[in-house]
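Input: a single structure, listed below in structure tokens.
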Amino acid sequence: MIKSCGQADNVKIRKATFSDLNVIETIERSSFKTPYPKSILKVLMILVDDGFIVAEKQGKVVGYAISIVEAGKRGHLISIAVDPRYRRKGIGKTLLKHSLSYLKSRGARTVFLEVRASNVAAQALYRSFGFKKVGIKRNYYPDGEDALVMELRFEDNDR
Ligand SMILES: CC(C)(COP(=O)(O)OP(=O)(O)OC[C@H]1O[C@@H](n2cnc3c(N)ncnc32)[C@H](O)[C@@H]1OP(=O)(O)O)[C@@H](O)C(=O)NCCC(=O)NCCS
């Protein structure tokens, strides 16, 4: 099993639907310097299908994650975010665990992601699941910040 300690209680994970788009967009805007617009989120929802999940607490969407299996059985965590009012309660861990299980079930052998060099919170989350830094993409973000590329190999971390 994928490492899963410290997850949130009373959180339901389900596939995202179009009716979640407004809330997801609000979370996106409060989470990223250059948020995806609703139109892109909608396209992603269609493209990744089951890989677009939301976390619900007491019937309210409080976070989401987007992942897809790309060529070469490489899983890609495209995005993950939690409503700022609900952070540090284990919801990010719960979303990440479900995304990793999904990618594994779809045949991924590895998972990679890009994260801002300054985003220590997300990097700590990823490291706690066994992700390691494998590269840097210079000037990756529109404001010029570098991205760290982090990768998880299921063979090494499947416990
Ligand atoms: C990254 C993010 C999704 C984490 O969500 P969360 O629900 O707060 O995460 P969790 O409560 O499950 O925390 C999981 C672990 O992440 C790390 N972490 C989370 N927030 C942290 C912070 N502010 N500082 C340091 N470590 C942090 C910790 O290791 C934490 O484990 P712990 O609480 O046992 O110490 C959330 O901070 C977020 O939405 N950030 C903005 C969007 C973003 O940066 N997404 C990642 C893009 S690559």
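Each ligand, and each atom within it, is numbered from 1 in the order the structure gives.
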### Task
May I ask which of Gln123, Lys93, Lys33 has a heavy atom nearer to atom 12 (O) of ligand 1 than the others do?
Lys93
### Crowding at NZ, Lys12 (>12 non-hydrogen neighbours, <6.0 Å)
no
### Query
So which of Val115, Asn119, Leu95, Val82 gets nearest to atom 39 (O) of ligand 1, if we judge by its closest heavy atom?
Val82
### Those atoms of ligand 1 less than 4.0 Å from some heavy atom in Phe32
42 (C), 43 (C), 45 (N), 47 (C)
### Task
May I ask you to check whether Ser31 and Arg87 show a side-chain donor-acceptor distance below 3.5 Å?
yes
### Query
Going by distance only, is there an N or O of Ala122 that falls short of 3.5 Å from an N or O of ligand 1?
no
### Message
Considering both backbone and side-chain atoms of Tyr126, is one of its nitrogen or oxygen atoms within less than 3.5 Å of a nitrogen or oxygen in ligand 1?
### Response
no
### Query
Of all the atoms in ligand 1, which lie at a distance below 4.0 Å from a heavy atom belonging to Gly90?
10 (P), 11 (O), 12 (O)
### Query
Which is closest to atom 23 (N) of ligand 1 by heavy-atom distance: Glu28, Arg88, Arg87?
Arg88
### Task
Indicate yes or no: does Asp143 engage Lys33 in a salt bridge with an N to O separation below 4.0 Å.
yes
### Task
May I ask you to check whether Lys89 has an N/O atom sitting below 3.5 Å from an N/O atom of ligand 1?
yes
#### Entry: Atoms of ligand 1 close to Glu114 [distance to a heavy atom under 4.0 angstrom, numbered from 1]
48 (S)
### Query
So which bit of Leu125 gets within less than 4.0 Å of ligand 1, heavy atoms only: side chain, backbone, both or neither?
both
### Side-chain ion pair, Glu114 and Lys137, N-O less than 4.0 Å
yes
### Student check: side-chain heavy atoms of Lys42 and Phe18 closer than 4.5 Å
yes
### Query
When you check the gap from the basic side-chain N to the acidic O, do Glu56 and Lys60 get nearer than 4.0 Å?
no
### Task
May I ask you to list the atoms of ligand 1 that are less than 4.0 angstrom from any heavy atom of Ser31?
41 (C), 42 (C)
### Message
Counting only heavy atoms, tell me which of Ile27, Ile80, Ile78, Asp83 gets closest to atom 45 (N) of ligand 1.
### Response
Ile80
### Query
When rounded to the nearest 0.5 angstrom, what distance separates CG in Leu95 from CD1 in Ile80?
5.0 Å
### Query
How about Met45 and Lys15: do any of their side-chain heavy atoms sit closer than 4.5 Å?
no
### Query
Does any N or O atom in Ser128 lie less than 3.5 angstrom from one in ligand 1, N or O only?
no
### Query
Between Gly92 and ligand 1, is there a nitrogen or oxygen pair with a distance under 3.5 Å?
yes
### Query
So is Val120 polar-close to ligand 1, meaning N/O to N/O under 3.5 Å?
no
### Task
Please say whether more than 12 non-hydrogen atoms of neighbouring residues, nucleotides or ligands are located less than 6.0 Å from CD in Glu70.
yes
### Message
Using a strict threshold of under 4.0 Å (side-chain N to carboxylate O), is an ion pair present between Arg14 and Asp50?
### Response
no
### Task
Give the atoms of ligand 1, by number and element, whose distance to some non-hydrogen atom of Ala81 is under 4.0 Å.
39 (O)
